[in-house]
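Structure first, then comments.
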Amino acid sequence: MKKIIKTRRSTSIVTSVTRPSLPPIEDMYNLLESIWESKNLTNGAYYHKLFESKLADYLDVPFVSLYANATIGLIAALRATGIEGEVITTPYSFVATAHAISWNNLEPVFVDIDRNSFNINPDLIEAAITEKTSAILAVHCYGIPADVEKLESLAQKYRLRVIYDAAHAFGVKCHCGSILNHGDLSVVSFHATKVFNTFEGGAVICKDAETKSKLDSLKNFGIESETSIPGIGINGKMNEFCSALGILQLEHIDRYISQRRRIDSLYRKELAGITGIEVYVMPDVEQHNYSYFPILISGNYKISRDDLYERLLENGVHSRRYFYPLISSLKPYQNLKSVQKNLFSEAYAASEKVLCLPIYPDLDSEEVIRISNIIREFGK
Ligand SMILES: *Cc1c(COP(=O)(O)O)cnc(C)c1O
């Protein structure tokens with residue numbers, strides 16, 4: 001096949017925090033041919049339906065509604081609950097979490113995290129509940145399960161909805177099965193930077209057919225039938241290309257995750273015993289996805305977190321300060337009531353100390369060792 005457009009390749013040797021995994025391109029050609037023949041490119045066609053059902057099986061969840069990305073999925077998930085007022089959430093996340101709340105004209109109310117999980121601290125939630133509180137939007141940060149039992153018992157007590165931003169949690173299983181089965185709704189991301197990617201994409205997981213059809217309609221302009229559009233929707237549909245790619249990716253995801261596990265253990269071995277470097281110990285879960293490799297740089301380390309970030313960059317390693325700065329300190333959020341009243345000291349401390357190191361399935365062992373050696377050397 002003649003290549004019409006060649007992609008420009010970057011010449012730098014930067015190892016990024018993540019790199020997408022892709023199936024063999026030949027496998028995609030076959031699916032593309034069938035899309036070309038059918039001329040069905042979107043609107044919930046063959047691959048969209050097939051991917052939804054395969055995904056529900058793989059994730060072991062009752063209902064899946066595919067979305068163009070997780071941000072629109074979050075916006076629609078909040079909308080589907082019909083809530084108003086205030087939504088309790090974490091400042092320690094990617095900005096899309098709070099944006100999805102604000103985009104719905106709801107007010108985010110930030111609550112500090114638990115230092116042991118990087119997730120919202122349920123013990124601080126009660127103090128943040130007001131008459132206007134309608135939901136909790138929690139995040140499974142780095143794929144670490146939020147304290148679902150405590151969150152859900154609070155929700156029951158105060159009649160709140162619980163929605164999980166599960167963008168990091170694809171494939172994570174707690175002792176009671178998929179983490180995605182918790183709460184009213186969970187939203188996963190298939191963005192290129194995530195464990196499981198469809199270039200761009202996402203999905204909302206729900207528990208009943210009625211909510212599923214609401215989510216399906218919301219992503220399709222609110223259309224119910226050719227002549228009936230009872231509510232306001234958006235265009236959030238996943239197209240056939242991304243859906244077909246997702247079906248192929250499912251065949252490889254277990255291998256991707258086990259390759260990540262290998263890198264995770266190698267880092268743990270190589271980084272052991274460096275003064276001032278704390279390698280976060282993941283809680284004991286049934287299945288982790290090794291989506292991120294966060295380390296915490298304390299005052300005992302020879303140089304600051306930001307200096308280490310720069311030294312790594314000079315050595316061709318692009319680590320990331322996930323999550324710095326805190327969402328609560330960003331311009332759209334810094335004047336909110338909950339932000340004026342609180343310091344979020346745990347979230348702040350984490351955001352000042354954390355560095356996520358490169359982790360992706362085809363990252364070489366030699367590179368993991370080289371990165372670890374750089375960290376050891378600058379700590380001397
Ligand atoms: C990536 C991410 C999102 C947004 O996902 P998209 O699919 O890129 O829209 C939302 N929340 C968190 C925590 C994320 O990391």
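Atoms within a ligand are numbered from 1 in the order they appear, just like the ligands themselves. Atom set for the values below is all heavy atoms of this structure, side chains included, hydrogens, waters and symmetry mates excluded.
- With rounding to the nearest 0.5 Å, the separation of CG in Leu59 from CD1 in Ile205 is 6.0 Å.
- The pair Asp364-Arg370 does not meet the salt-bridge criterion, since no charged nitrogen lies less than 4.0 angstrom from a carboxylate oxygen.
- Distance alone, capped at 3.5 Å, is enough to place a donor-acceptor pair between the Asp165 side chain and the Ala167 backbone.
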Tabulating one pair per line, provide the atom names and distances (0.1 Å) for every N/O atom of ligand 1 that is less than 3.5 Å from a protein N/O atom.
{"unit_1": "ligand 1", "atom_1": "5 (O)", "unit_2": "Ser189", "atom_2": "OG", "d": "3.3"}
{"unit_1": "ligand 1", "atom_1": "7 (O)", "unit_2": "Ala70", "atom_2": "N", "d": "2.9"}
{"unit_1": "ligand 1", "atom_1": "7 (O)", "unit_2": "Ser189", "atom_2": "OG", "d": "2.7"}
{"unit_1": "ligand 1", "atom_1": "9 (O)", "unit_2": "Ala70", "atom_2": "N", "d": "3.3"}
{"unit_1": "ligand 1", "atom_1": "9 (O)", "unit_2": "Thr71", "atom_2": "N", "d": "2.9"}
{"unit_1": "ligand 1", "atom_1": "9 (O)", "unit_2": "Thr71", "atom_2": "OG1", "d": "2.6"}
{"unit_1": "ligand 1", "atom_1": "11 (N)", "unit_2": "Asp165", "atom_2": "OD1", "d": "3.3"}
{"unit_1": "ligand 1", "atom_1": "11 (N)", "unit_2": "Asp165", "atom_2": "OD2", "d": "2.7"}
{"unit_1": "ligand 1", "atom_1": "15 (O)", "unit_2": "His168", "atom_2": "NE2", "d": "2.8"}
{"unit_1": "ligand 1", "atom_1": "15 (O)", "unit_2": "Lys194", "atom_2": "NZ", "d": "3.2"}

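- Annotation: cation-pi pair Lys219/Tyr67 present, NZ/CZ under 6.0 Å from the ring centroid and within 45° of its normal.
- Between Tyr142 and Tyr292, the ring planes lie tilted relative to each other; the angle falls in the 30° to 60° range.
- Between Arg311 and Glu377 there is no salt bridge, since none of the side-chain N atoms of the basic residue sits less than 4.0 Å from a carboxylate O of the acidic one.
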